[in-house]
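Here's the structure we're looking at; comments come further down.
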Amino acid sequence: MKILNKNFSQVLVHILFWMLFVFVSLFVFSDFYWKENPFLQYLFLLVIIVYANNLWLLPFFVKKKMYVMYIFVFAIISFLATQLYCYTFAQCGCSVFKCLSDYLWQSLVPLIFFSFVWMLYRFLDEQEKVEAIKKEHVEMELKFLKSQINPHVLFNNLNTIYSYALEKPNEVPDMILMLSDNLKHVLYESNSKKVSLEKEVQFIDNYIKFQKIRVEGVKEILYKKEIDSYEYQIAPLLLITIIENAFKHSALNSDISIFIKVEGSVLECLCENGFKDVNEVDSFKIGLQNLEKRLELIYKDAYEFNIEKGEAFKVYLKIEL
């Protein structure tokens, strides 16, 4: 459809130009009547010259980057076409300089105009190719970044199920169902550019349930949500990076606080946890670099991402959904 629109616009430009050019030549700058006007006879030859230039000469010289040579050839063609018009069609009997001053514009204007149109559309085509390459690069980078997230989340859940299979086997079936939902979300729905906020939050809910089981008696988890609507869309697996890192790097016998708020299409996530030592902080920050890259690729100027180190490690994310 896009190609058809572009082709249609080119055809329309060509038709409108020739209509305007013929009108100006016949009614503004011509003393001849329609039947007697040599311009109408010359017009067919001019059309051939113009499109030969667009189809063969211009692409050839641009491809070879012989721009000076093309200008020289262009000037020669314009000169010869004008002389042909003067002495063969108009038969004005005027001098070479008089001929050029009176009639050069009739050869020069369409040649320059359509050369410009050709270069303009070529530039637009090149821009489309560049944008397509950039888009492909971004998609590949996003897939790579998400592929680094998926295994961590799933392996943690599997480890939790394994430990419960040994200690509390009666609770394993429910955990397997939760894991099944998470697998579906990670392997299928996360391949989309955007997923429903409801599914993303459900995925986080299940993950935190697993973590509460895994760290029971070792860490205190404070999880709170304030969501005015689940009808929004969000890029998948963004929040889980913050939350997972909080569990992975938090100190023993510490608190982990997670707060998710959605109000008026603005999502805020604040995650706070105690950390083990100074060196652990650097490791924690490295783990969040992928998230920041994804945010920049997907949301650009529509997000806010801050990391604060104090008595606790705080990560704040704000996204315009």
Side-chain angles (χ1 to χ4, degrees), residues 1-139 300:
M1 189 65 180
K2 190 174 182 180
I3 295 175
L4 289 175
N5 290 336
K6 186 175 69 175
N7 290 338
F8 176 77
S9 69
Q10 291 187 62
V11 171
L12 186 61
V13 167
H14 283 242
I15 292 174
L16 290 176
F17 172 83
W18 285 118
M19 290 175 63
L20 179 62
F21 180 68
V22 171
F23 174 82
V24 170
S25 298
L26 291 176
F27 291 99
V28 179
F29 293 102
S30 178
D31 297 328
F32 295 93
Y33 293 104
W34 277 83
K35 292 182 179 179
E36 300 174 352
N37 199 314
F39 172 76
L40 293 176
Q41 304 167 31
Y42 173 68
L43 180 64
F44 295 102
L45 180 61
L46 183 60
V47 169
I48 294 173
I49 293 172
V50 166
Y51 288 109
N53 174 66
N54 272 40
L55 294 175
W56 294 295
L57 292 179
L58 190 55
F60 173 79
F61 284 105
V62 170
K63 184 178 180 180
K64 299 292 185 180
K65 296 183 179 181
M66 301 168 63
Y67 305 115
V68 176
M69 181 61 69
Y70 173 73
I71 293 173
F72 176 76
V73 173
F74 184 92
I76 293 296
I77 291 173
S78 301
F79 174 80
L80 293 178
T82 303
Q83 297 302 309
L84 181 67
Y85 175 70
C86 287
Y87 297 111
T88 303
F89 293 94
Q91 298 181 354
C92 63
C94 52
S95 65
V96 172
F97 294 104
K98 175 65 174 175
C99 176
L100 291 175
S101 65
D102 290 348
Y103 301 110
L104 178 61
W105 70 271
Q106 288 185 316
S107 301
L108 208 56
V109 168
L111 278 169
I112 292 176
F113 177 80
F114 285 112
S115 295
F116 171 78
V117 169
W118 183 89
M119 288 186 286
L120 175 62
Y121 278 97
R122 183 176 183 272
F123 172 77
L124 294 176
D125 288 340
E126 292 296 324
Q127 287 298 110
E128 287 182 3
K129 290 178 182 178
V130 170
E131 290 299 320
I133 291 171
K134 286 182 179 179
K135 184 178 179 182
E136 184 179 354
H137 176 74
V138 168
E139 289 177 353
K300 294 184 179 178

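- Annotation: side chain of Y85 is not in contact with side chain of C99 (no heavy-atom distance under 4.5 Å).
- Between F17 and F21, the angle of the ring planes stays under 30°, which puts this pair in the parallel group of the 30/60° scheme.
- Summarising the local packing, CZ of F44 is surrounded by 12 or fewer heavy atoms from other residues, nucleotides or ligands at distances under 6.0 Å.
- L100 places a side-chain heavy atom less than 4.5 Å from the side chain of Q83.
- Residues meeting the side-chain contact (heavy atoms from CB on, under 4.5 Å) test with Y121, sequence neighbours left out: K6, S9, Q10, V13, V117, L124.
- Rounded to the nearest 0.5 Å, atoms CZ (F123) and CG (D125) are 11.0 Å apart.
- Partners of S78 according to the side-chain hydrogen bond (donor to acceptor under 3.5 Å, both in side chains) rule, which considers only residues two or more places apart in sequence or in another chain, do not exist here.
- Put simply, the side chain of Y87 reaches to within 4.5 Å of the side chain of V96, judged on heavy atoms.
- Once rounded to the nearest 0.5 Å, the distance linking CD1 of I112 with CH2 of W105 reads 12.5 Å.
- With a 6.0 Å radius and a threshold of 12 heavy atoms from other residues, nucleotides or ligands, M119 has its CE atom above the threshold.
- Remark: L45 pairs with Y42, I49, L84, F89 by the side-chain contact (heavy atoms from CB on, under 4.5 Å) rule, at least two apart or across chains.
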Return a table of donor-acceptor pairs under 3.5 angstrom between the side chains of residues 54-65 and protein atoms on other chains or two or more places apart.
{"unit_1": "N54", "atom_1": "ND2", "unit_2": "F114", "atom_2": "O", "d": "3.1"}

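- For the side-chain contact (heavy atoms from CB on, under 4.5 Å) test, residues two or more places apart in sequence or in another chain that qualify with L16 are L12.
- Atom CZ of F72 has 12 or fewer neighbouring heavy atoms from other residues, nucleotides or ligands inside a 6.0 Å radius.
- Partners of I48 according to the side-chain contact (heavy atoms from CB on, under 4.5 Å) rule, which considers only residues two or more places apart in sequence or in another chain, do not exist here.
- Taken to the nearest 0.5 Å, the OG atom of S115 stands 12.5 Å off from the CG atom of L120.
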Carefully, step by step, assess F74 and L108 under the rule side-chain contact (heavy atoms from CB on, under 4.5 Å).
CA-CA 9 Å; F74 184 92; L108 208 56; 3.7 Å; yes
